[in-house]
Asks: 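Dropping a structure here in structure tokens format, bear with me for questions.
Proteins come first, then strands; the chains are lettered A, B, ... in the order of their sequence lines, and each starts at number 1.
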Amino acid sequence: MKPVRTRFAPSPTGYLHVGGIRTALFAWLLARQAGGAFVLRFEDTDKKREVEGSREHLIKSLLTLGLEYDEGPDIGGPFAPYTQSERLQSYQTWAQVLIDTGRAYADPYTSEEVQAFREQAQAEKKPFLYRNHRPENPPKWDGSTPLRFKSEPKDYRWEDAIMGESRAGAEAVDDFILIKSDGFPTYNFAHIIDDHEMEITHVIRGQEFISSMPNYLNLYEALEFEIPILAHAPHVLGPDGKKKLGKRDGAKDVLDYIRDGYLPEALVNFIASLGWNDGTEQEIFTREELIEKFSLERVQRSGARFDEDRLLWMNGHWIRSLNLDELYARTLVIPAKAGIQSVDSSRSDHISYWPKESENYPESYKKQVLGLIQERLKYFKEIPELTAFFFEDLPVNRELIDGNKQLKKFEHAELKGWLEQAKASLQESDFSAANLTERLNELLEATGQKPGVLFSLIRIATTQAPFSPSLAETLAVLGKDTALRRIDAQLAAL
RNA sequence: GGUCCCGUCGUCUAGUGGUCCAGGACGUCAGGUUCUCAUCCUGAAGAUCGCGGGUUCGACUCCCGCCGGGAUCACCA
């Protein structure tokens with residue numbers, strides 16, 4: 001049994017969005033599960049489409065999610081180089097093998113001529129097959145024209161680890177281009193050479209390549225290469241459930257999610273469970289559980305829709321599962337945007353998720369605050385709006401009391417009286433949560449009011465926020481000076 | 001249009017001939033937890049299993065047709 005070697009082979013032409021990284025995750029999972037190797041390879045044979053900075057972006061995305069690769073363009077490995085534009089010699093060598101065995105020939109037509117053939121076929125409502133125009137005596141290939149594969153059409157049946165038993169007729173096999181006239185190989189040729197030379201055992205990629213499988217199978221045979229295990233994953237669909245997810249649908253790339261404060265754990269869990277489950281009712285999986293339980297056979301064959309609500313829920317779950325110190329450490333740094341600058345990338349004036357006003361507060365204070373909001377935090381970018389009142393006195397907002405369904409039925413004078421009572425009691429408190437709770441309960445009796453009334457009143461006075469964590473805990477964190485100062489401000493406004 | 005793939009609650013899915021008048025999760029709605037928001041708990045609504053034929057004692061599960069959706073038909077990957 002050969003050691004498992006999987007690869008992720010993106011072309012550096014743009015962002016790595018959630019749909020794209022799923023195949024990377026699957027490949028990584030398989031490699032880790034088998035104790036094999038996960039390889040990163042850049043397929044940059046189309047210089048025109050290359051996007052500046054996308055290599056860095058791709059690498060950063062992978063690493064941020066914890067999908068470490070064992071061999072790759074930047075770290076090398078036993079089969080280096082891992083960038084196709086640096087492997088031209090290999091393609092040249094194998095192309096010569098094909099020429100020598102009569103399985104490749106120079107394309108004598110201009111692209112206009114080929115286009116004419118194509119249009120002619122279309123007019124006759126017949127599928128266009130280049131091989132129907134295969135020249136009888138092709139010129140010797142000198143590199144100035146495309147080099148084509150001389151196919152041997154036949155029906156194919158093959159096993160796809162995800163899609164199951166697959167088949168296609170001979171009409172799907174054609175003479176495709178191996179090497180372009182610019183000297184670079186096509187994907188169709190290059191990836192097969194690379195996978196072979198790099199000893200890749202599992203090819204996992206998007207379903208857009210399924211229809212090319214007969215061509216690849218034909219090439220593998222001509223080259224006498226062993227065919228790796230093949231797996232084609234369905235696309236992740238956009239919110240409308242129709243088109244595949246892409247940047248232009250507003251699909252954010254992976255790093256956008258990270259920057260918004262989504263945890264890698266949640267993203268990995270979410271992406272893995274988009275179209276995969278282990279057959280039980282388990283929804284939350286750690287990275288280790290995924291490595292242990294993942295299998296291509298259980299990957300759904302139909303495309304799954306990207307459901308942001310579910311991601312949000314999952315992220316909240318993972319945030320709650322972290323201990324406070326760990327969670328706090330994660331809120332300290334907003335990862336820098338690597339590679340491509342997103343047009344809508346947010347301002348970079350914040351280096352942490354905490355609001356500006358928090359910078360003069362000690363870490364211990366911020367940790368207490370975080371402890372109070374942990375169970376209501378869905379993603380880190382929400383921290384400022386959830387915590388603002390812990391760091392600054394917000395202006396008195398009359399609407400909070402006048403619009404409160406419990407409080408609006410009382411006269412201001414009455415509310416003022418209760419707040420005065422509260423102030424008097426709180427002045428005597430040591431502001432420990434226990435003492436605060438005790439005094440708050442006494443106040444309930446003294447005023448004869450329900451918590452819904454009294455606590456709402458004090459909560460609004462001390463936070464000026466529409467919602468906040470529970471009263472005693474909030475007061476304890478806020479501290480005596482701040483709490484009393486804010487009560488005075490509220491009193492003055494009533 | 002040719003070829004290939006797919007089709008279970010709004011969404012992600014469990015389900016491989018009977019235990020399914022279809023189970024779980026997200027979302028939604030209602031109730032509970034000394035106040036708000038959230039968490040947590042409980043409950044509810046929500047799928048004639050795309051449609052129509054077969055096969056079978058019996059089909060979400062097998063077969064055929066249809067419809068719908070997707071992918072692909074480049075000197076892009």
Side-chain angles (χ1 to χ4, degrees), chain A residues 9-11 13 43-46 48-49 107 111 114-115 118 121-122 125-129 145-148 160 163-164 166-169 171-172 174 176-188 190-191 205-214 232 234-235 237 239 241-244 270 273-284 300-314 316-317 320 372-378 386 400 404-407 437 440-441 444 449-460 463 465-472 474:
Chain A
S11 59
T13 52
E43 311 221 318
D44 60 340
T45 55
D46 186 2
K48 299 183 294 295
R49 296 207 316 152
D107 180 348
S111 49
V114 176
Q115 182 58 26
R118 190 173 289 123
Q122 201 166 20
K125 291 194 191 300
K126 289 199 301 197
F128 169 68
L129 248 25
T145 60
L147 182 70
R148 284 201 184 252
D160 187 293
M163 295 301 177
S166 309
R167 61 199 309 178
E171 67 282 357
D174 196 12
F176 59 92
I177 290 178
L178 265 10
I179 295 190
K180 299 179 279 181
S181 57
D182 65 1
F184 283 93
T186 57
Y187 165 85
N188 300 143
H191 88 273
R205 84 244 282 194
Q207 68 173 182
E208 66 270 27
F209 295 105
I210 294 178
S211 46
S212 301
M213 271 313 301
H232 291 87
H235 288 132
L237 274 22
K242 293 184 178 173
K243 286 183 303 187
K244 77 171 178 176
F270 175 73
S273 58
L274 243 189
W276 174 86
N277 69 80
D278 71 344
T280 71
E281 287 176 355
Q282 185 170 351
E283 308 278 345
I284 300 296
Q300 210 72 5
R301 291 186 195 177
S302 55
R305 205 174 297 204
F306 184 93
D307 182 3
E308 197 145 350
D309 277 337
R310 195 174 157 79
L311 207 211
L312 203 56
W313 163 72
M314 223 172 239
H317 177 93
R320 273 172 258 129
L372 293 189
I373 64 159
Q374 182 170 12
E375 67 185 25
R376 59 211 80 200
L377 190 61
K378 298 281 194 215
L386 253 28
L400 288 177
N404 183 293
K405 67 173 189 280
Q406 299 266 23
L407 302 178
T437 303
L440 253 14
N441 282 333
L444 244 25
Q449 287 306 312
K450 291 178 169 179
V453 174
L454 219 221
F455 289 3
S456 293
L457 176 64
I458 302 173
R459 195 180 57 76
I460 289 168
T463 66
F467 49 81
S468 60
S470 62
L471 189 54
T474 302

Asks: Among all residues two or more places apart in sequence or in another chain, which pass the ring-ring contact (aromatic ring centres under 6.0 Å, His included) test with A:Tyr187?
Replies: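 Applying ring-ring contact (aromatic ring centres under 6.0 Å, His included) to A:Tyr187 gives A:His191, A:Phe209.
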Asks: Let's test your reading of the model: under 3.5 Å, does the base of B:U34 pair with the side chain of A:Asn441 as donor and acceptor?
Replies: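 It does, because a donor-acceptor pair links the side chain of A:Asn441 to the base of B:U34 below 3.5 Å.
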Asks: I want to check one thing: is the phosphate of B:A14, taken as OP1 and OP2, less than 4.0 Å away from some side-chain N or O of A:Asn277?
Replies: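 Looking at the OP1 and OP2 atoms of B:A14, one of them is under 4.0 Å from a side-chain N or O of A:Asn277.
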Asks: So does A:Ser181 reach the base of B:C75 with its side chain, donor to acceptor, closer than 3.5 Å?
Replies: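 For A:Ser181, whose side chain was compared with the base of B:C75, there is a donor-acceptor pair (under 3.5 Å).
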Asks: Is A:Lys180 close enough to B:A77 that one of its side-chain N or O atoms is under 4.0 Å from OP1 or OP2 there?
Replies: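 Yes, A:Lys180 has a side-chain N/O under 4.0 Å of OP1/OP2 on B:A77.
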Asks: NA contact type, A:Arg301, heavy-atom cut-off 4.0 Å: base, sugar-phosphate, or nothing?
Replies: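 Sugar-phosphate only.
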Asks: Between B:G2 atom P and A:Leu129 atom CG, what is the distance in whole Å?
Replies: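 Roughly 15 Å, once rounded to whole Å.
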Asks: At less than 4.0 Å, is any side-chain N or O atom of A:Arg305 found next to OP1 or OP2 of B:G10? Yes or no.
Replies: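 So the side-chain polar atoms of A:Arg305 never come under 4.0 Å of the phosphate oxygens OP1 or OP2 of B:G10.
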Asks: Looking for any heavy atom pair under 4.0 Å, which part of the strands does A:Ala172 touch: base, sugar-phosphate only, or nothing?
Replies: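 It contacts nothing in the nucleic acid.
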Asks: With A:Phe184, which residues qualify under ring-ring contact (aromatic ring centres under 6.0 Å, His included), at least two apart?
Replies: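 If we apply the ring-ring contact (aromatic ring centres under 6.0 Å, His included) test to A:Phe184, skipping adjacent residues, there are no hits.
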Asks: Write down the distance between CD (A:Gln406) and P (B:U36), rounded to a whole number of angstrom.
Replies: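 Those two atoms, CD and P, are 7 Å apart.
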Asks: Give a yes/no on whether any side-chain N or O of A:Lys126 is located under 4.0 angstrom from OP1 or OP2 of B:G1.
Replies: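 Answer is no, no contact under 4.0 Å.
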Asks: Is the phosphate of B:A77, meaning OP1 or OP2, less than 4.0 Å from a side-chain N or O of A:Thr45?
Replies: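 True: A:Thr45 side-chain N/O within range (under 4.0 Å) of B:A77 OP1/OP2.
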Asks: About how many Å separate CD of A:Glu283 and CE of A:Met314, when rounded to the nearest 0.5 Å?
Replies: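 Here the rounded value is 6.5 Å.
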Asks: Would you tell me if any nitrogen or oxygen in the side chain of A:Arg320 comes within less than 4.0 Å of OP1 or OP2 on B:A38?
Replies: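 It does not, given that no N or O in the side chain of A:Arg320 lies less than 4.0 Å from OP1 or OP2 of B:A38.
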Asks: Could a donor-acceptor pair under 3.5 angstrom be found where the side chain of A:Arg459 meets the base of B:U36?
Replies: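 By the distance-only test, yes, there is a pair.
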Asks: If you measure from the Lys or Arg side-chain nitrogens to the Asp or Glu carboxylate oxygens, is any gap between A:Glu171 and A:Lys126 under 4.0 Å?
Replies: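 No, this pair does not count.
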Asks: Mind checking A:Lys378 for me? I need base, sugar-phosphate or nothing, with any heavy atom below 4.0 Å counting as a touch.
Replies: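 It contacts sugar-phosphate atoms only.
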Asks: Does A:Asp307 pair with A:Arg305 as a salt bridge, N-O distance under 4.0 Å?
Replies: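 Between A:Arg305 and A:Asp307 there is no salt bridge, as every charged N stays at least 4.0 Å from the carboxylate O atoms.
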Asks: For a quick test of reading the model: is some side-chain N or O of A:Arg205 closer than 4.0 Å to OP1 or OP2 of B:A77?
Replies: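 For B:A77, neither OP1 nor OP2 has a side-chain N or O of A:Arg205 closer than 4.0 Å.
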Asks: Under 4.0 Å between any heavy atoms, over every strand shown, what does A:Gln300 touch: base, sugar-phosphate, or nothing? Just pick one.
Replies: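 If one applies the 4.0 Å heavy-atom cut-off, A:Gln300 turns out to touch the sugar-phosphate alone, with no base involved.
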